[in-house]
Peer 1: 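Questions regarding the structure given below will be posed in turn.
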Amino acid sequence: MAKELPKRFNYQETEDEIYKRWEESGYFNPEKCVEDGIVEKDAETFTVVLPPPNVTGVLHLGHAYEDSLQDAIIRYQRMLGKRALWIPGTDSAAIATQARVEKKIRKEEGKNRHDLGREELVKRVSEYAKNSENTILKQIRKMGASLDWSRYAYTLDDKRNLAVATAFKRMYDAGLIYRGNRIVNWDPKGQTTISDDEVVHEERKAKLYTFKYSKDFPIAISTTRPETKVGDTAVAVHPDDKRYKKYIGKEFDVVFCDVPLHIKVIADESVEKDFGTGALGVTPAHSYIDWEIADRHDLPRPQVINEYAKMMVEGRLSGKKVLAAREEIVGWLKEENLLESEEEVEQNVSTSERTGAIVEPLPKLQWWVDVDKKFKIPHSEIPGIESGSETSLKEIMRRSVESGAVKMPQERFRKIYSHWIDNLRDWCISRQIWFGHRIPIWYRDDEIYCDVTPPEGDGWHQEEDVLDTWFSSALWTFSTLGWPEETEDLKVFHPTSFMSPAYEILQLWISRMILMSGFHLGQVPFKTVMIHGLVRDEKGRKFSKSLGNGVDPLEVIEQYGADALRMGLLVGSNVGNDVKFSMSQVKGYRNFTTKIWNVTRFLLMNLKNYEPSDKPLHKEDQKIVDEFKNVVKDVTKNMNKYRISNAAEDLYHYAWHTFADEILENSKDIMQGDDKERKESRQHMLVEIWADTLKMLHPFMPFVTEELYGYLPLKSSNKLLMVESWPSQ
RNA sequence: GGGCGAUUAGCUCAGUUGGCUAGAGCGUCUCGUUUACACCGAGAAGGCCGUAGGUUCAAGUCCUACAUCGCCCACCA
C-alpha cells in the first residue's frame, strides 16, 4: 500500500535523521551485515581507509570531494554484496598542530614553548586536538560517509602508538633506521628539520658574485651566498680543466672577511667547467652537494651558520643574520677589491612549506630511514620479491607498482612515481618538536637502547625528537587494523582494496605506505590507487584565504543538500583531473534531487491499487526493461572502472530524460485507461525499473534515494537501500 | 635544466581498444500555468575538436613538430 509523499524533500531536516538510521543499523560494519544475513560470511572483502584529516581541521571542499568519491565506491561495493569496510580516522599532524597551538599561546599568554616546558605543551596541544576532533568527525557524517565508526583510529591513540614504536624498533633492529650526521633541511622559523617533500622551491632573483678569497689566492669562485664561504674548506675544479690543473692538491691559508680559512684545491668530476669560473668553493656544512664532495675528499666541515640562521664566526660577521652577513661580505669584497663581477640570476630558493621560512641546509644529527640498504625479507607476497630474499625498501617501492600488485590505472602518475623512486634519498624521520610520536630510543652514556617500552635501570634519557608525521601515516592501512597484533581484521581486510589520495601526496604518503607495508607485512598496502585532482574554483584557482574564494561545504549542504553537493563534486570531471567547483552545478543537482522526488511521488499516485505480482510483462513493457538493462550494464561497467563521473551522468540522463520525460509521460494514457491488465503490467515495470534506478543512484545521492526507497511498494524486503543488492544486468 | 598534463559549443567537461552525421550539464533564445515537478515541459541556436604536417579505407582519438596555459621533479655553485 503506497503512502503519500510530502511535496518536497526537506534535506535540512531529513539528512541527519537518515544518517542516524544507517548508523544505528550497524551496517557500516561488515560484520553486522554478515550477522544479519545481508552479506555472505565468506564474501569478498573491499576495504578502504580514509585518508585521515587533521584533527584540528575543518571540512573543506577537498575533504568533501574525497569523502564523496570514496563513499560512492564503498556503497557500490557494499551493494555488490561484498564485505565492504571503510575505516575512519584522524591524524595528529604533529608540526601543523603544534604550530597552531604555540601561536595561540603566544598570542594569548605571551609565552613560548620553552616557557611551558615539554610536558605542559604536549598536554595543551593534545587537549586542543581532542577538542577539535569532534568538529571534523561531525562534518564527515554530514557528507553521508558510510564509515565504520566502531573502528575509528587516531594516530596518537594507544594502539597506533604501539604500532609506531613497534615499526620503529623492527626497522632499527633490521639496520634500516640509523642515526647520522648529515645535511638536513632546517627550518629556522619552525626550529625543526623538514623532509625534502616539505620543501617548496620558489623562483627569486638573486645576485651571483664572482670573487677571490684573498689577493694571493689564485682562483676566483662564484656564489649567490657569500656568507657561507666562511665555511669553505676547499675549492673544487674539474680534473680535466687545463686552467687549474697546476693548482690541484695545493693548499692555501687565507683570511676571508676576518675569518682564517684553510683551502685545499681538489679535483672532482661533479664540477662543471663551463659554469661561472669553473671553480667551486666547497662549503661542506651548508650545501648538500658540497657535503658529498667532502665525503669523497675527506674534508673538514665547519658549521658557520646556526639554527637561528645567524653567523657562528668571530670578527665583523659575528652573530649577524645571514642576509646582513652577505651585505657585510660584499662590502668587504669591494673594499678589498676582490669582487670581479656581480650578475643578476634567477634562482630557486628552498622554503618551508609550513612556515614559509627560507630553508637553511645544516649538518645535524638526525634519524634516517635507509632506502637502499639490503635486508632479508622473511615473508613477501610482492611479485618479484621472494620470501627470504635480499631486498631494499626502494626495491619494495619499485616492485610493488611495477608488478601491478599496486595498480595505478593512470599512467601518468605511474611515471611520476617511478621517476621519484629513481631519485629517492634516505628519509629523515626526526623532527625537533614535542607533539607527536617520541622516538623510542634511550641513551645512557655510550649505550643506546631501542624498544617499545623504556629500559630498566637508572640514568636513561629518551631521545628528545619526535617522528615525522608521515612515519605514522605510512602505517595507516595496517595500524588501523590492529597491527602489530595479529588480528582477525588484519588477516581479512589487508591489503586494502582502494586508495584515492590527491596527487599532492603521492610521494609523501602513497610511496611510504608501500614502503612500510612491504617491510612489515610483506604485502602491498592497497591493490588500486586512483589519484584524484584538486578542487578548484570556477576560474581554476585554488581555494585560499587570501583570494577570499573559499566555499564552506557545510553551507552548501545547508542550502542544497549533501546529495547535490556530492553530485556537484563527482560529475563533470574524471578522477585524476582537477575538479572545478561551481554553485550553479550544485544547484542543478539539487533540482535533480527534486526531480527524482517528484518522479517517485507521481509513481505512488499511480500505484493506488497496485499489488506486486509475478505476472509476465506486456511485451512493450518488457522492451523498456530490456533497454534499461543496457543502462545497468553501462553504469556497472563505468563503476568497475572507477569512471564515477560517467556512471553518475548516465544515471542522471536516464532518470530525468528517459524515465521521467519519456517513459512516465507515455504511461499517463495507460494509467488512465480501462485496460486493467495493461495497467498492471505497466505499474509493475515502472516500480521495478525505478527501484533499480534508485539503487544505482544511491552511491551518489544516498540520502534522497534512501528516503524514497522506503516508500516504494516492493514485493521483497523493506530493508535499508544502503544494503540492497545492486541491480542485475 | 628534466619530466608530465591540458587545449572539443558562451562556461564546466565527456568522448573508454581509431568507425563521429562530435555529445552532456549549465547558460542563451522561442513557445507552453495539461492536477508529479516552474527546483517544470516542448523545441532551437551554438563546434575547420589549439596550429601545421604525417600514418590509415577511416583521425577529436595514433605519430612528429610548434604554440599557449598549468603542474611536478632538480641545491649548476
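Every chain is numbered from 1 and lettered A, B, ... according to where its sequence line falls, protein lines coming before strand lines.
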Peer 1: Under 4.0 Å, counting only non-hydrogen atoms across every strand here, what does A:A236 touch: a base, just sugar-phosphate, or nothing?
Peer 2: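 Nothing, no nucleic acid heavy atom in range.
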
Peer 1: Under 3.5 Å, is there an N or O donor on one side and an acceptor on the other linking the side chain of A:R590 and the base of B:rC39?
Peer 2: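 Yes, the side chain and the base share a sub-3.5 Å donor-acceptor pair.
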
Peer 1: Quick one: is B:rG25 close enough that its OP1 or OP2 comes under 4.0 Å of any side-chain N or O from A:H657?
Peer 2: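 Yes, such a contact exists.
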
Peer 1: Contact class for A:Y652 (heavy atom, under 4.0 Å): base, sugar-phosphate, or nothing?
Peer 2: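 Result for A:Y652 = sugar-phosphate.
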
Peer 1: Looking at the base of B:rC26, is there any donor atom on it, or on the side chain of A:S584, that sits under 3.5 Å from an acceptor on the other one?
Peer 2: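 Answer is no: no donor-acceptor pair is held.
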
Peer 1: Examine A:R326 relative to A:Y209 and say whether NZ or CZ is less than 6.0 Å from the centre of the six-membered ring and inside a 45° cone about the ring axis.
Peer 2: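 Negative - A:R326 is either too far from the ring of A:Y209 or too far off its axis.
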
Peer 1: Would you mind classifying the nucleic acid contact of A:K595 as base, sugar-phosphate or nothing, using non-hydrogen atoms under 4.0 angstrom?
Peer 2: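 Here A:K595 touches the bases of the nucleic acid.
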
Peer 1: Considering every strand and a 4.0 Å limit on heavy-atom distances, what is the contact class for A:R225: base, sugar-phosphate, or nothing?
Peer 2: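 The residue A:R225 makes no contact with any strand.
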
Peer 1: Could you tell me how far B:rC62 sits from B:rU68 if I compare only their C1' atoms? Round to whole Å.
Peer 2: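 Their C1' atoms lie roughly 23 Å apart.
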
Peer 1: How would you label the contact of A:N606 with the nucleic acid (heavy atoms, under 4.0 Å): base, sugar-phosphate, or nothing?
Peer 2: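 No contact.
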
Peer 1: With a cut-off of less than 4.0 Å, is there a side-chain N or O of A:W420 near OP1 or OP2 of B:rA74?
Peer 2: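 No.
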
Peer 1: So what does A:N574 hit on the nucleic acid, given a heavy-atom distance under 4.0 Å: a base, only sugar-phosphate, or nothing?
Peer 2: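 Sugar-phosphate, no base atom in range.
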
Peer 1: Work out how far the C1' atom of B:rA65 is from that of B:rU55, and round it to whole angstrom.
Peer 2: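 Their C1' atoms lie roughly 15 Å apart.
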
Peer 1: Pick the nucleotide of RNA chain B nearest each of A:T223 and A:V199; which residue has the one closer to the 5' end?
Peer 2: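 Going by which nucleotide is closer to the 5' end, it is A:V199.
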
Peer 1: I need the CG-C1' distance between A:L570 and B:rA14, as an integer number of Å.
Peer 2: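 For the pair A:L570 CG and B:rA14 C1', the rounded distance is 15 Å.
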
Peer 1: Given atom OH of A:Y417 and atom P of B:rC71, what is their separation to the nearest angstrom?
Peer 2: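 One finds 25 Å between P of B:rC71 and OH of A:Y417, rounded.
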
Peer 1: Can you tell me how far P in B:rG54 sits from the matching atom in B:rA59, rounded to whole Å?
Peer 2: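 That atom pair is separated by 12 Å.
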
Peer 1: Counting the benzene-type ring for Trp, do A:Y589 and A:Y560 have ring centres under 6.0 Å apart?
Peer 2: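 No, too far apart.
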
Peer 1: Tell me: CG of A:N666 to P of B:rA36, nearest whole Å?
Peer 2: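 From A:N666 CG to B:rA36 P: 15 Å.
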
Peer 1: Check this one for me: any side-chain N or O of A:N577 less than 4.0 Å away from OP1 or OP2 of B:rA14?
Peer 2: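 For A:N577, the contact criterion (side-chain N or O under 4.0 Å from OP1 or OP2 of B:rA14) is met.
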
Peer 1: A:K7 side chain N/O closer than 4.0 Å to the phosphate oxygens (OP1, OP2) of B:rA36?
Peer 2: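 For A:K7, the contact criterion (side-chain N or O under 4.0 Å from OP1 or OP2 of B:rA36) is not met.
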
Peer 1: Is the closest side-chain donor-acceptor distance between A:T283 and A:K229 under 3.5 Å?
Peer 2: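 Yes, A:K229 and A:T283 have a side-chain donor paired with an acceptor closer than 3.5 Å.
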
Peer 1: Regarding A:R8 and the six-membered ring of A:W597, is the cationic atom NZ or CZ under 6.0 Å from the ring centre and inside 45° of its axis?
Peer 2: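 So A:R8 doesn't make the cation-pi contact.
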
Peer 1: Under the ring-ring contact (aromatic ring centres under 6.0 Å, His included) criterion, do A:F252 and A:H262 qualify, and how do the steps go?
Peer 2: CA-CA 6 Å; A:F252 298 85; A:H262 185 79; 9.0 Å; no

Peer 1: With A:K212 as the cation and A:F256 as the aromatic partner, state whether NZ or CZ is under 6.0 Å from the six-membered ring centre and within 45° of the axis.
Peer 2: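 Judged by the rule (NZ or CZ under 6.0 Å from the ring centre, within 45° of its axis), A:K212 is not positioned above A:F256.
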
Peer 1: Taking the six-membered ring of A:W368 as reference, does the cationic atom of A:R182 (NZ for Lys, CZ for Arg) lie under 6.0 Å from its centre and within 45° of its axis?
Peer 2: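 Judged by the rule (NZ or CZ under 6.0 Å from the ring centre, within 45° of its axis), A:R182 counts as positioned above A:W368.
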
Peer 1: According to the Watson-Crick and G-U wobble definition with distances under 3.5 Å, which dot-bracket string, read 5' to 3', encodes RNA chain B, using [ ] for crossing pairs and | for pairs with another strand?
Peer 2: (((((((..((((.....[...)))).(((((.......))))).....(((((..]....))))))))))))....

Peer 1: When all nucleic acid strands are considered with a 4.0 Å heavy-atom cut-off, which category describes A:H286: base, sugar-phosphate, or nothing?
Peer 2: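 Nothing: the residue A:H286, judged by heavy atoms under 4.0 Å, touches no strand.
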
Peer 1: What's the verdict on ring-ring contact (aromatic ring centres under 6.0 Å, His included) for A:F628 and A:F659, showing C-alpha distance, side-chain angles and the deciding distance?
Peer 2: CA-CA 9 Å; A:F628 174 69; A:F659 192 82; 8.1 Å; no

Peer 1: Can you find a donor-acceptor N/O pair under 3.5 angstrom joining the side chain of A:E665 to the base of B:rA42?
Peer 2: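 When only heavy-atom distances are counted, A:E665 does not reach the base of B:rA42 through any donor-acceptor pair under 3.5 Å.
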
Peer 1: Rounding to the closest angstrom, what is the interatomic distance between B:rU56 and B:rC71 at atom C1'?
Peer 2: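 Result for the C1' pair: 34 Å, nearest Å.
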
